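As the structure is a prediction and not an experimental result, all values here were calculated from the model. These numbers come from the heavy atoms of this one structure, side chains and all, not from hydrogens, waters or symmetry mates.
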Amino acid sequence: MDLSSAGFGLAGGVLIGLSATLLMGLLGRIAGISGILSSALFERGGDRGWRLAFLLGLVSGPTLLLLLGLDWGNVASPGDMAHGVSAVIGAPLAGTPTMLLAGLLVGLGTGLGSGCTSGHGVCGLARLSPRSLAATLVFLLVAMLTVFVVRHLAGGGA
């Protein structure tokens, strides 16, 4: 990873922390993406506006970069990869059905854990919440176990 990629990652981390801090300070809300998405989709009321704006902000940045054709070192297209351009995150190794199943399992996990990595990992750990520490540790352990099983036991390679 070159220095510019590290710089963009650092800037992204600072922006995530800043957005979580502002959301807590200004609205008294936790920046838990799964809760924000769920409430935006399934609930009606005064909170829906800021939730939709928050979600729009999440997808507008990457969409803008894609539309402008800017490569800031996070994701390389398959064409870039063929020309020797490396990226921090490359093209998915699995097909669409596997990715959909993975997304559903992550959604199930966030429901069972009453939160996601942004809510527990970013906001909860910053508040020194023991419950968030436990949830984040379980998430990381399950993620490591999943990678081990897929790569070494299920023949996923890579």
Side-chain angles (χ1 to χ4, degrees), residues 1-2 4-6 8-13 15-17 19-20 23 29-44 47-125 131-158:
M1 172 167 52
D2 63 31
S4 65
S5 294
F8 289 129
L10 176 62
L15 289 173
I16 289 170
S19 68
L23 190 61
R29 302 294 186 165
I30 296 292
I33 307 305
S34 60
I36 291 171
L37 176 63
S38 175
S39 294
L41 292 176
F42 301 116
E43 294 179 13
R44 301 281 183 235
D47 278 356
R48 195 159 190 246
W50 74 261
R51 293 175 192 278
L52 292 172
F54 191 94
L55 294 169
L56 180 63
L58 283 178
V59 297
S60 64
T63 301
L64 183 62
L65 290 177
L66 182 65
L67 292 174
L68 295 175
L70 297 174
D71 176 13
W72 282 7
N74 263 351
V75 180
S77 69
D80 291 335
M81 302 289 278
H83 291 95
V85 175
S86 63
V88 178
I89 303 171
L93 298 176
T96 302
T98 303
M99 298 293 280
L100 288 172
L101 176 63
L104 289 172
L105 290 173
V106 168
L108 177 65
T110 61
L112 291 172
S114 299
C116 57
T117 54
S118 55
H120 284 303
V122 175
C123 300
L125 291 179
R131 182 171 168 263
S132 290
L133 176 61
T136 303
L137 289 174
V138 168
F139 173 80
L140 290 173
L141 289 172
V142 170
M144 289 187 286
L145 179 63
T146 301
V147 169
F148 177 80
V149 168
V150 169
R151 289 191 175 180
H152 301 288
L153 302 179

Ser132 to Gly124 - nearest heavy-atom pair and separation | OG-CA, 3.3 Å
May I have the step-by-step check of side chain to side chain contact (heavy atoms under 4.5 Å, CB included) for Leu52 and Leu56, ending in yes or no?
-> CA-CA 6 Å; Leu52 292 172; Leu56 180 63; over 6 Å; no
Non-hydrogen atoms of Ser60 and Gly57 that approach each other most closely = OG-O, 3.3 Å
Start with the C-alpha gap between Leu55 and Leu58, add the side-chain angles, then the distance that decides, and say whether side chain to side chain contact (heavy atoms under 4.5 Å, CB included) holds.
-> CA-CA 5 Å; Leu55 294 169; Leu58 283 178; 4.1 Å; yes
Which pair of non-hydrogen atoms, one from Arg29 and one from Asp47, has the smallest distance, and what is that distance?
-> NH2-OD2, 2.6 Å
Counting distance only, does the side-chain N/O of Ser19 pair as donor-acceptor with the main-chain N or O of Ile16 below 3.5 Å?
-> yes
Over all atoms of both residues, closest heavy-atom pair of Ala40 and Arg48 = O-NE, 2.8 Å
With rounding to the nearest 0.5 Å, note down the distance linking CG in Leu37 to CZ in Phe42.
-> 7.5 Å
Between Ile36 and Ile30, the two heavy atoms sitting closest are CD1-O, 4.2 Å
Any donor-acceptor pair under 3.5 Å linking the side chain of Thr146 with the backbone of Val142?
-> yes
Minimal non-hydrogen separation, Arg51 against Gly35, with atom names | NH1-O, 3.7 Å
